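All remarks here apply to the structure that follows.
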Amino acid sequence: MCGIAGFTETNKELLMQMAGSLRHRGPDGGGFYQDESVSLGMRRLAIVDLTSGGQPMFNEDKTIVAFQNGEIYNHRELRRELEKKGHRFHSDHSDTEVIPHLYEEYGEDWANHTNGMFAAAIWDKPQKRLLLYRDRLGKKPLYYAQTGEVLIFGSEIKSLLLHPRISRELDFTSIYHYLGLKNTQAPRTIYRDIRQILPGEYLIWEKGRLSTKKYWNLNFNSIQNEFPF
């Protein structure tokens, strides 16, 4: 289990605080990336590629930056395919490193080439575009908030609440759902400003604008009835 967090402005101290709040998710180390437009960080629980798998991971010219909480199960097969296409890897066998190369090769559709569970952040530096992805069934959590032209995200709500732009005002509709159903109804959370990225969904932040897209949805029409009733 790891944790990722970040926002679309520059503040090193705040980034360290937000990532630090996720230390229990990743006691083995931290990784950070900042430029004039974005601040990204993570805490790592080292499982795959213990020695050279630290994040962030980049493409060859470091114009695509990737962070991940989770695991890409078919990363070995993907690495072989990408190497045949001319991509060069720097880690020994990191699963996260396939993400920037997949994005470089397939664009926003990269996640459909994976088998895994993940919450991933990709920073496309040339386009100044931040993309946030959640795995198909939503095993890995990812929360976000947009205040003005700033996007803030994290693996846990408490990391977002450290950002001074985030209001702690409650969402009373979510409280109603919680009292009646014992859970909040996604994409809502208990806080008015904070939302969940839905399973199989990704967000795009570009030029201060936020859009949401689906990359996967369960197609019941393709499921054949195996039962004689």
Side-chain angles (χ1 to χ4, degrees), residues 2-22 25 30-43 55-56 63-69 99-100 103 107-108 111 118-134 138 140-178 184-215:
C2 302
I4 61 175
F7 43 88
T8 55
E9 56 185 357
T10 301
N11 187 324
K12 183 178 180 180
E13 182 179 353
L14 178 58
L15 177 62
M16 297 292 286
Q17 291 174 356
M18 289 178 62
S21 73
L22 302 172
R25 299 180 66 92
F32 303 92
Y33 173 86
Q34 283 191 296
D35 62 25
E36 67 280 0
S37 301
V38 72
S39 299
L40 306 172
M42 68 92 62
R43 292 295 311 182
Q55 301 179 37
T63 56
I64 308 299
V65 188
F67 286 86
Q68 178 197 201
N69 164 33
I99 294 176
Y103 177 78
E108 295 175 21
F118 52 83
I122 298 173
W123 174 239
D124 184 333
K125 188 173 182 179
Q127 300 297 323
K128 294 190 181 300
R129 176 191 297 157
L130 178 65
L131 302 100
L132 303 176
Y133 286 76
R134 193 175 178 195
K140 294 300 181 181
L142 195 53
Y143 301 91
Y144 72 97
Q146 184 180 24
T147 62
E149 294 186 349
V150 176
L151 177 66
I152 306 156
F153 72 91
S155 294
E156 295 185 11
I157 288 176
K158 68 179 181 181
S159 66
L160 278 77
L161 291 174
L162 291 171
H163 198 291
R165 290 179 178 266
I166 300 292
S167 168
R168 290 175 176 263
E169 184 173 338
L170 298 177
D171 183 332
F172 290 101
T173 298
S174 289
I175 293 175
Y176 174 82
H177 289 158
Y178 181 78
T184 58
Q185 301 295 292
R188 292 178 181 269
T189 71
I190 207 73
Y191 293 99
R192 183 197 63 186
D193 286 352
I194 300 175
R195 291 289 183 266
Q196 303 177 50
I197 297 179
L198 295 175
E201 184 177 87
Y202 67 100
L203 305 187
I204 305 171
W205 179 93
E206 188 173 14
K207 297 179 180 178
R209 298 179 181 177
L210 184 65
S211 59
T212 306
K213 294 184 180 180
K214 275 282 189 182
Y215 71 87

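Computed from a predicted model, the values in this text were never measured in an experiment.
- Here CZ of R129 is found 9.5 Å from NZ of K207. Values are rounded to the nearest 0.5 Å.
- Distance check, rounded to the nearest 0.5 Å: CD of E206 to OG of S211 gives 8.0 Å.
- Side-chain contact between Y191 and L160 is absent, with no heavy-atom pair separated by less than 4.5 Å.
- Judged by distance alone, the side chain of R134 and the main-chain N or O of K140 form a donor-acceptor pair under 3.5 Å.
- The shortest non-hydrogen separation linking A120 to I99 is CB-CD1, 4.3 Å.
- Taking the side chain as every heavy atom from C-beta outward, C2 and F67 never approach each other to under 4.5 Å.
- Ring-plane geometry between Y133 and Y202 is classed as parallel, the angle between the planes falling under 30 degrees on a 0 to 90 degree scale with a further cut at 60.
- The structure places CD of Q146 at 10.5 Å from CZ of R165, a figure rounded to the nearest 0.5 Å.
- The main-chain N or O of I194 is found under 3.5 Å from a side-chain atom of T189 such that the two form a donor-acceptor pair.
- Dense packing is recorded around NZ of K214, with more than 12 heavy atoms of other residues, nucleotides or ligands lying under 6.0 Å away.
- Of all heavy-atom pairs spanning Y33 and P56, the tightest one is CB-CG, 4.2 Å.
- Note: F7 and H163 have perpendicular aromatic rings, judged against thresholds of 30 and 60 degrees for the angle between ring planes.
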List the steps, then state whether side-chain contact (heavy atoms from CB on, under 4.5 Å) holds for D193 with E169. CA-CA 8 Å; D193 286 352; E169 184 173 338; over 6 Å; no
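- Counting heavy atoms from C-beta outward, E201 and Q196 have side chains that stay 4.5 Å or more apart.
- Between M42 and N69 the shortest side-chain heavy-atom distance does not fall below 4.5 Å.
- Between L132 and L151 the shortest side-chain heavy-atom distance falls below 4.5 Å.
- Nearest heavy-atom pair, Q34 versus L15, reported as atom, atom and distance to 0.1 Å: CG-CD2, 3.9 Å.
- Side-chain contact between S37 and L130 is absent, with no heavy-atom pair separated by less than 4.5 Å.
- In this structure, I157 CD1 and I190 CD1 are separated by 8.5 Å, a value rounded to the nearest 0.5 Å.
- Between the Q55 side chain and the Q68 main chain, a donor and an acceptor come within less than 3.5 Å of each other.
- What you find for L14 and P164 is that their closest heavy atoms are CD2-CD, 3.8 Å.
- Taken to the nearest 0.5 Å, the CZ atom of R192 stands 12.5 Å off from the OG1 atom of T173.
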Check against side-chain contact (heavy atoms from CB on, under 4.5 Å), K213 and I204: CA-CA 8 Å; K213 294 184 180 180; I204 305 171; 4.0 Å; yes
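- By the 6.0 Å contact criterion, CZ on F32 is enclosed, its count of non-hydrogen atoms from other residues, nucleotides or ligands being greater than 12.
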Going through the distances and angles, do L198 and T212 end up as a side-chain contact (heavy atoms from CB on, under 4.5 Å)? CA-CA 10 Å; L198 295 175; T212 306; over 6 Å; no
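- Here the closest heavy-atom approach between residue G154 and residue S159 is recorded as CA-OG, 3.7 Å.
- Taking the charged nitrogens against the carboxylate oxygens, D171 and R195 do have a contact shorter than 4.0 Å, which makes a salt bridge.
- Side-chain atoms of E156 never come within 3.5 Å of backbone atoms of P141 as a donor-acceptor pair (strictly under, hydrogens ignored).
- Looking at heavy atoms from C-beta onward, F172 lies in side-chain contact with I175 at the 4.5 angstrom threshold.
- Side chain of W205 to backbone of E149: a donor-acceptor contact under 3.5 angstrom is found.
- T10 places no side-chain N or O within 3.5 Å of a backbone atom of S39 that could act as its donor or acceptor partner.
- When each of I197, T8, L40 is paired with F153, the side-chain contact (heavy atoms from CB on, under 4.5 Å) condition holds for L40 and for no other.
- Rounding to the nearest 0.5 Å places CG of L131 at 7.0 Å from CG of D124.
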